[in-house]
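Working notes, structure below.
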Amino acid sequence: MEPVMLRVYQGGNKGATAFFRNRPLLATLMDELAALGRPRVRVLVHAASIGAEPYSLALWHLHRIASRFDLEIHATDINAHFLAHAQKGEYPADLARGLTPEEMSWFERDGEVLRVPAAAKARVHFLPPMDCVRQRPEGLFDCVLIMNALTYVTPAEQTAAIASAAQSGCALLGLTAFHPDGIRADLEAVGFVPVMANHQAIHDSWGDRLTDQPIDPASTEYSWKLPRYDAGTVDAPWRFGALFRPKGLG
Ligand SMILES: C[S@@+](CC[C@H](N)C(=O)[O-])C[C@H]1O[C@@H](n2cnc3c(N)ncnc32)[C@H](O)[C@@H]1O
């Protein structure tokens, strides 16, 4: 089922996001977090926009895999306005068009509003606004996500953002919509390799980002649009990847 996009714009930032935006990614991420064998897992969500991404993690965890580990989610974004919206945990009921009946049952419906229930909200801690390139919260995280946001920074800033995320001590790094030509070098510089579980299924689930048309490397689309999965492409495990882990772990 295709997710319904929530599109918000403020102060030059585009906050388009969706609940359960990539279900194979969510399922794989949760399995990889469980496989760490840690009783409590701390996830940092950079570029969390208006909250659909961290709440998707919280809801999925709560209803699908909560018995295997405790989950603590810390979420931030460069845009304070988006974070204020996120903290409310309220969304238009129209979102229901992109939810399975089971997912729909995870929300509270109040007229034209879909509300994230208290149990899921309690798993998400919102941090002050933060630039993922130049700022990093204190403390260590088992997993850092920077999803659909590196397209808004330069390739050099992407290198810095990935180096900063790796300093959080994470055992899993989630990235998508990155500058593809530099991604392998950026990850190898911090000792990370692709997670190959469900590699193509995750790629194929990026919906309207996938295209059959050629993508001009000089265009802004180059870090956003995705070509069809082709294992023969140079650096395919990196270019078509979304989850990465330190080499030698897992
Ligand atoms: C397209 S939305 C992605 C939202 C969510 N991560 C997702 O995948 O659905 C991009 C988000 O990145 C944020 N953003 C842009 N540049 C950023 C930066 N340098 N640091 C942190 N967040 C940034 C924007 O404010 C926006 O909320």
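Because the structure is predicted, anything quoted here is derived from the model rather than measured. Atoms within each ligand, like the ligands themselves, are counted from 1 in listed order.
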Relative to each other, are the rings of H61 and F69 parallel, tilted or perpendicular (30° and 60° limits)? tilted
For the pair Y152 and W224, name the ring-plane relationship: parallel under 30°, tilted 30 to 60°, perpendicular over 60°. tilted
According to the interplanar angle, ranging from 0 to 90°, do the rings of Y55 and F126 count as parallel (below 30°), tilted (30 to 60°) or perpendicular (above 60°)? perpendicular
Counting the benzene-type ring for Trp, do F107 and F19 have ring centres under 6.0 Å apart? yes
Sorted by chain and residue number, the residues having a heavy atom closer than 4.0 Å to an atom of ligand 1 are N13, K14, G15, A16, T17, R21, A47, S49, E53, D77, I78, N79, F82, M130, D131, C132, M147, N148, A149, Y152, V153
Aromatic contact between F240 and H199, with the criterion being ring centroids under 6.0 Å apart: yes or no? no
Is there a continuous path of hydrophobic side-chain contacts, each under 4.5 Å between heavy atoms, that joins L175 to W206? no
